[in-house]
Engineer: 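The structure's right below; bear with me while I get my questions together.
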Number of protein chains: 4
Amino acid sequence: MLASQPFSRLLGAELTVLEAGRCELQLPITPELLQQHGFVHGGVVSYLADNSLTYAGGTMLQLRVVTSEFKLNYLRPAVGERLVARAAAVQAGKSQAVCRCDIYTVHQGEEKLCAIAQGTIVRLPDRPPGEGA
Amino acid sequence: MLASQPFSRLLGAELTVLEAGRCELQLPITPELLQQHGFVHGGVVSYLADNSLTYAGGTMLQLRVVTSEFKLNYLRPAVGERLVARAAAVQAGKSQAVCRCDIYTVHQGEEKLCAIAQGTIVRLPDRPPGEGA
Amino acid sequence: MLASQPFSRLLGAELTVLEAGRCELQLPITPELLQQHGFVHGGVVSYLADNSLTYAGGTMLQLRVVTSEFKLNYLRPAVGERLVARAAAVQAGKSQAVCRCDIYTVHQGEEKLCAIAQGTIVRLPDRPPGEGA
Amino acid sequence: MLASQPFSRLLGAELTVLEAGRCELQLPITPELLQQHGFVHGGVVSYLADNSLTYAGGTMLQLRVVTSEFKLNYLRPAVGERLVARAAAVQAGKSQAVCRCDIYTVHQGEEKLCAIAQGTIVRLPDRPPGEGA
């Protein structure tokens with residue numbers, strides 16, 4: 001699935017878990033993902049939030065889905081070798097799923113929570129004009 | 001400023017306006033920024049939200065700042081030649097600024113609002129351990 | 001409309017503007033709306049955000065609607081004689097509207113912005129099991 | 001603590017758990033807390049989110065705190081005899097705590113998740129001009 005997203009390929013994201021209501025994405029930290037202080041750019045973290053929420057919600061809905069909205073709190077600077085985003089659907093109906101996400105940095109094998117997110121994934125109409133993940 | 005952020009260079013963002021309480025970022029839409037349906041990936045839009053909020057808030061605070069949190073609503077698929085993010089500080093105190101952001105797609109010269117965001121930018125301690133934008 | 005909501009009557013809210021895509025609610029500040037420091041309780045402000053967003057979005061959608069989600073930033077302590085919430089639909093489709101809201105305190109005739117919000121209003125199914133505003 | 005908040009007394013909230021990083025509030029559902037369709041008004045749910053997040057965060061910070069911002073997703077209509085809000089601090093530093101909250105309806109002894117929230121609690125300056133919970 002990620003291979004079909006040029007932007008996910010550009011960043012180097014890996015889909016490591018995908019099951020009913022649950023998704024895990026991993027992202028090796030490379031120099032081009034940083035900001036000016038040597039930490040992972042917040043936009044990379046928000047990409048992981050967006051995408052993991054979408055996938056977790058998408059497993060609970062049929063066909064094509066899209067992230068409608070999300071909210072993200074950054075907890076600490078993201079440093080280390082890798083980021084791991086774990087998202088889960090908290091509630092799912094026919095047309096939308098509400099999901100949460102925890103994003104960790106992994107440094108020397110130790111995970112630290114660096115951001116949390118909460119958002120809504122919606123099912124697109126059957127004959128859609130566009131968008132989706 | 002953007003040139004000091006490897007991730008902003010990777011995406012190709014341009015800082016087109018920066019003044020007290022206000023920031024505009026632009027981003028030419030290139031193939032690697034898309035998702036699987038040919039629209040700009042939501043993570044690109046969230047990068048613009050994060051970064052434009054940070055800069056708008058940063059103009060109102062002293063020294064180094066960081067985005068503490070933000071919330072983003074996607075309004076329509078992002079297609080066209082270019083994205084434009086305009087952020088403004090709604091309120092600023094000594095230690096934090098609350099900002100809003102409108103993100104537009106530009107297609108054949110026409111702007112359409114495709115996402116809106118709201119978030120908090122906080123000033124980092126004077127002798128900081130890290131992070132910032 | 002507000003008169004049909006027991007909770008809005010309990011708080012004493014007044015619907016002062018309601019037109020396509022726009023709503024204004026006002027709320028006289030009374031002692032029972034305060035918290036322990038003499039300021040209006042955050043829950044009162046969040047009530048105004050929720051309700052004004054719902055009404056602004058509801059004018060753009062047909063039939064019954066409900067607030068799906070919202071995000072609120074408190075900007076300053078709410079003190080004065082009255083609160084005024086002004087909400088507007090930023091974008092509306094067939095099934096949902098995304099709205100923003102500014103909440104002001106009014107003290108001796110002067111308005112000060114004390115909170116801002118952003119949220120999603122969704123249209124309920126035609127034959128609904130419940131809820132709505 | 002709740003007894004010192006006139007608005008919490010007006011609504012009838014009860015503080016049932018308060019320990020390091022954790023808070024539970026309960027609220028018996030009474031007719032005046034409803035909206036026009038017979039469900040608990042969203043503003044009551046948002047009050048519970050705001051207050052439980054503040055208390056959970058407040059246990060991790062010193063002195064006086066205030067909710068800076070929060071985001072709330074409504075999951076289902078709130079009906080039943082009672083609402084229960086459980087909040088926990090996910091991360092806490094010296095000046096702020098990021099918390100999550102789950103809000104349940106209780107009907108005939110059965111709990112159902114009806115809303116989830118996420119927000120930031122900040123410590124007020126030592127000699128403050130105001131606000132707090």
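The sequence lines fix the lettering, A, B, ..., with proteins before strands; numbering per chain opens at 1. The figures here come from the full heavy-atom set of this structure, side chains too, leaving out hydrogens, waters and symmetry mates.
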Engineer: What's the shortest heavy-atom distance between C/F70 and D/S46, and which atoms?
Structural biologist: CZ-CB, 3.9 Å
Engineer: What's the separation between atom CD in D/E69 and atom CG in C/L75, rounded to the nearest 0.5 Å?
Structural biologist: 11.5 Å
Engineer: Can you find a pair of side-chain heavy atoms, one from C/Y74 and one from D/T120, that are under 4.5 Å apart?
Structural biologist: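 No, too far: nothing below the 4.5 Å cut-off.
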Engineer: Do you see a donor-acceptor pair shorter than 3.5 Å between the side chains of C/Q35 and D/Q5?
Structural biologist: no
Engineer: With a sphere of 6.0 Å drawn around CZ of D/R22, does it hold more than 12 non-hydrogen atoms of other residues, nucleotides or ligands?
Structural biologist: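 No, because the 6.0 Å sphere around CZ of D/R22 holds 12 heavy atoms or fewer from other groups.
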Engineer: Is C/L48 close to chain D through its backbone or its side chain, or both, or neither, when contacts mean heavy atoms under 4.5 Å?
Structural biologist: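 Neither part, no heavy atoms under 4.5 Å.
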Engineer: Salt bridge check, D/E32 against C/R9: does any charged N sit closer than 4.0 Å to a carboxylate O?
Structural biologist: no
Engineer: Which one, C/L33, C/V45, C/L34, C/N73, leads in non-hydrogen pairs under 4.5 Å with chain D?
Structural biologist: C/L34
Engineer: Could you measure the distance from the CG atom of C/L11 to the CG atom of D/L10? Nearest 0.5 Å is fine.
Structural biologist: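 It comes to 6.5 Å.
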Engineer: Between chain D and each of C/G43, C/P6, C/A3, C/A117, count heavy-atom pairs under 4.5 Å; write down the option with the most.
Structural biologist: C/P6
